[in-house]
Amino acid sequence: MRRIFETNKGLVRRIKFSPSPTSHQVLVLFHDGDFGIWDLDYNVRVATSSYFRMRDLKATDIDWVSDSQPIVATTGTFFPQSELASNHS
């Protein structure tokens, strides 16, 4: 299967697929330190890094902690996954 989706964000540094066998979400880290989560079934963005941009933080690495919980390493600050889950849109 081949899918193309537009992010309109620029160069991609890393893509991580959700470990869930039923979820078709991807976590994308961009070269400029932004990140987002896209649902490939609906071709829509479901989360962005606006929470970090408001605090002048840049993502340096991304991964999935569980099937639906991302974890993001940033420049100098750690955010618990519970805070990310409630503020990542």
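Below, each value reflects all heavy atoms present in this structure, side chains not excepted, and no hydrogens, waters or symmetry copies. Quantities reported herein were computed from a predicted structural model and do not represent experimental measurements.
Closest of all the heavy-atom pairs between S20 and S23 is OG-N, 3.1 Å. Scanning both residues, H31 and R13, for their nearest heavy atoms gives O-NH2, 3.2 Å. Heavy-atom minimum distance, K16 versus I62: CE-O, 3.8 Å.
T75 has its side chain within reach of T60: a pair of non-hydrogen atoms, C-beta onward, lies under 4.5 Å apart. When side chains are defined from C-beta on, F30 counts as touching V12, because their heavy atoms get closer than 4.5 Å. Inter-residue side-chain proximity for T74 and F35 is flagged as unmet; no heavy-atom pair is nearer than 4.5 Å.
Separating the CG atom in L29 from the CG atom in D61 is a distance of 7.0 Å, to the nearest 0.5 Å. Between atom CG of residue L27 and atom CG of residue D63 there is a gap of 8.0 Å, rounded to the nearest 0.5 Å. Here R45 contributes atom CZ and D39 contributes atom CG; the two are 13.0 Å apart, rounded to the nearest 0.5 Å.
S18 contributes no side-chain N or O that, together with a main-chain N or O of H24, makes up a donor-acceptor pair within less than 3.5 Å.
By the rule that hydrophobic residues join a cluster once side-chain heavy atoms approach within less than 4.5 Å of another member, V44 and I37 end up as members of one cluster.
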